[in-house]
Protein chains: 2
Amino acid sequence: MPTLSRKQRDMLEREELILSTAQTLLNQHGYNHLTMDRVAETVEYSKGTIYNHFASKEDLVCSLCCRLINNLIDVFERAYQYPGTTRERYSAIGIGYSLYNQLHPMDTQNIQTVKNNAVREKVSEDKLAEMESLEQKITKITRSIVQEAIDCGDLNKEHQDNVDTIVFGCWSMHYGALLLDQSDIPLQNLGFSPVVNMLWKNANIYLDGYQWLPLSTNTDSDKLFEKISSALFDGEIDLLKKAV
Amino acid sequence: MPTLSRKQRDMLEREELILSTAQTLLNQHGYNHLTMDRVAETVEYSKGTIYNHFASKEDLVCSLCCRLINNLIDVFERAYQYPGTTRERYSAIGIGYSLYNQLHPMDTQNIQTVKNNAVREKVSEDKLAEMESLEQKITKITRSIVQEAIDCGDLNKEHQDNVDTIVFGCWSMHYGALLLDQSDIPLQNLGFSPVVNMLWKNANIYLDGYQWLPLSTNTDSDKLFEKISSALFDGEIDLLKKAV
DNA sequence: ACATTTTTTGACGTTTCGTCATATTATCGC
DNA sequence: GCGATAATATGACGAAACGTCAAAAAATGT
């Protein structure tokens with residue numbers, strides 16, 4: 001016996017329909033051309049009904065963002081489960097993030113859009129709280145790998161006070177790199193070679209700096225990238241190859 | 001004898017008036033409440049005249065962004081001139097960037113806004129080209145310090161192929177960190193301590209990873225932060241203290 | 001079968017962008 | 001100085017999009 005009435009189930013189903021429709025429109029035409037009228041027309045409900053589900057256009061987009069963060073949480077959890085060293089598992093998170101970003105560039109733009117204050121301003125308190133709690137979930141996964149590294153000696157105990165700093169360091173480096181990659185800035189014109197490779201190299205250098213064992217200088221890091229991505233993200237890699 | 005006619009000078013003067021007015025309005029009320037009508041009203045010209053100077057609202061905001069990048073170039077050039085080791089000079093850039101960000105948080109939000117594709121879409125080709133050329137100027141400054149480090153032996157010659165990667169690494173780390181700091185994400189709730197400190201620490205670890213001499217492990221890096229910021233950015237520091 | 005509550009609808013008011021015909025001002029030859 | 005012509009400024013206007021709300025439709029209960 002379901003805990004939700006038929007009505008509530010219908011409601012959820014329609015919410016899902018609206019969300020996936022909005023996602024499609026957003027991916028196809030971008031934020032500017034995503035209009036509530038168009039969403040309403042496409043799902044064949046009136047605008048008023050859409051507004052019964054989402055307080056504003058920004059709220060709708062933020063909801064998409066929450067779905068997206070849930071996808072990322074899946075990726076992060078898979079990386080967490082990887083049967084390797086703590087360093088490999090932490091790296092797996094970065095790889096997963098990079099791959100997800102390449103596979104769903106529009107999702108990353110979407111996040112960027114919602115992080116922007118002009119948009120954020122119009123999102124309801126509830127949605128913001130929902131997103132924050134999802135982000136906390138992600139932080140928790142990454143932090144616990146760092147903690148395990150300290151506990152098992154892969155990372156020196158002296159870094160116990162730096163757990164947050166390490167997590168933040170990797171987060172900001174990845175976030176910044178992939179945002180730059182996504183933001184139409186012609187990085188090649190500025191002289192940069194493909195971003196994911198540089199990011200992988202830099203992330204390794206950074207973790208080497210914290211002396212997180214085993215060091216990338218003692219490892220074939222190109223091979224490790226291959227190994228991790230095929231072990232965890234085979235599906236994603238296939239999709240990527242098809243896209244090219 | 002001026003190379004510009006009186007008319008052209010008037011034009012430039014008014015453009016400056018529009019820009020500084022728009023900047024004020026933007027800082028006071030945010031992107032959503034910056035309207036072309038309000039700008040026109042405030043500068044006491046008609047909207048049509050504003051549109052003679054800027055092709056769209058986005059173009060206007062992008063122009064503000066260009067002014068802002070010019071400010072950053074000033075900061076970067078001051079750091080470039082710092083009479084210290086290459087490592088110190090490179091660090092000085094990061095410090096200057098952090099300080100500028102703290103002193104002008106709205107400017108950073110502004111950049112973030114313009115980097116967003118939904119906004120970027122509506123900026124004229126010319127303005128985008130202008131911004132790109134300014135960004136190239138910044139890249140050039142940072143890259144040349146890295147190159148000097150290699151030339152003088154502070155950075156091993158084996159990194160000659162990684163100059164871009166190093167520049168990109170620092171850029172993305174700083175960009176990501178300061179964006180996260182600015183984007184209303186409650187970092188404290190997520191467990192993070194103040195951002196600039198973590199960023200300084202992470203940037204040092206990262207550069208240590210590249211074995212850029214002198215290593216931060218052989219230096220009192222807190223003292224170095226003090227030293228550089230008071231030598232180069234005394235004015236900014238004063239303003240910051242006053243703001244608190 | 002009818003009354004009442006819930007949900008849906010889309011026309012409407014509002015805001016803001018960007019345009020363009022018209023008005024105003026400046027320039028220039030005489 | 002003056003009239004003709006070119007350059008510039010103006011703000012009323014049309015269009016697009018958001019979000020609302022009174023009225024219509026559907027669902028529920030008696």
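Chain letters run A, B, ... following the sequence lines, proteins first, then strands; residues in each count from 1.
Rounded to a whole Å, the CG atom of B:Leu60 is 15 Å from the P atom of C:dT16. The distance between atom CG of A:Asp10 and atom P of D:dA27, rounded to the nearest whole Å, is 10 Å. As rounded to whole Å, 14 Å separates atom P of C:dA26 from atom CE of B:Met11. Here C:dT14 presents its P atom at 20 Å from CG of B:Asn32, a figure rounded to the nearest Å. The distance from atom CZ of A:Phe54 to atom P of D:dC18 is 14 Å, rounded to the nearest whole Å. When the C1' atom of C:dT9 is taken as reference, atom CD of A:Glu41 falls 15 Å away, rounded to whole Å. For the pair A:Ile50 CD1 and D:dT20 P, the interatomic distance rounds to 14 Å; values are reported in whole Å. As rounded to whole Å, 12 Å separates atom C1' of C:dT16 from atom OH of B:Tyr31.
Using a 4.0 Å heavy-atom distance criterion, B:Leu34 is classed as a sugar-phosphate-only contact. Using a 4.0 Å heavy-atom distance criterion, A:Arg14 is classed as a sugar-phosphate-only contact. Counting non-hydrogen atoms under 4.0 angstrom, A:Thr49 reaches a base of the nucleic acid.
In this structure, A:Lys201 has no salt bridge (Lys or Arg N to Asp or Glu O under 4.0 Å) partners at least two apart in sequence or on a different chain. Partners of A:Arg38 by salt bridge (Lys or Arg N to Asp or Glu O under 4.0 Å), not counting sequence neighbours: none found. Partners of A:Ser229 according to the side chain to side chain donor-acceptor pair (under 3.5 Å) rule, which considers only residues two or more places apart in sequence or in another chain, do not exist here. Contacts of B:Asp59 classified as side chain to side chain donor-acceptor pair (under 3.5 Å), with partners at least two apart in sequence or in another chain: B:Ser124. Partners of A:Tyr90 according to the side chain to side chain donor-acceptor pair (under 3.5 Å) rule, which considers only residues two or more places apart in sequence or in another chain, do not exist here. Under the rule for a salt bridge (Lys or Arg N to Asp or Glu O under 4.0 Å), the partners of B:Arg67 that lie at least two apart in sequence or sit in another chain are B:Glu16. Take B:Asp74 and apply the salt bridge (Lys or Arg N to Asp or Glu O under 4.0 Å) test, not counting sequence neighbours, and it matches no residue. Partners of A:Phe168 under the ring pair (Phe, Tyr, Trp, His ring centres under 6.0 Å) rule, at least two apart in sequence or in another chain, are B:Phe192.
For A:Glu135 and A:Lys115, the salt-bridge test passes: some basic side-chain N is under 4.0 Å from an acidic carboxylate O.
Ring geometry for B:Tyr97 against B:Phe76 counts as perpendicular: the plane angle is over 60°, on a 0 to 90° scale with 30° as the lower cut.
Residue A:Asn52 places at least one side-chain N or O under 4.0 Å from the OP1 or OP2 atom of C:dT8.
Set against C:dT9, D:dT10, C:dT16, the side chain of B:Ser46 has D:dT10 as its closest nucleotide.
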Write out a two-atom table: protein N or O, nucleotide N or O from nucleotides 18-21 of chain C, distance below 3.5 Å.
from, atom 1, to, atom 2, distance (Å)
C:dG18, OP2, B:Tyr51, OH, 2.6
C:dG18, OP2, B:Lys57, N, 3.1
C:dG18, N7, B:Lys47, NZ, 2.9
C:dG18, O6, B:Lys47, NZ, 2.5

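Taking the C1' atoms of five terminal pairs at each end of the helix from C:dA1-D:dT30 to C:dC30-D:dG1, the two resulting helix axes are inclined by 10°, rounded to 10°.
Here the side chain of A:Asn32 pairs a donor or acceptor atom with the backbone of B:Ala118 at under 3.5 angstrom.
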With a cut-off of 3.5 Å and sequence neighbours excluded, list every side-chain donor-acceptor pair involving residues 236-244 of chain B.
from, atom 1, to, atom 2, distance (Å)
B:Glu236, OE2, B:Arg78, NH2, 2.8

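Listed by residue number, there are no residues of residues 16-25 of chain A with a heavy-atom contact under 4.0 Å to DNA chain C.
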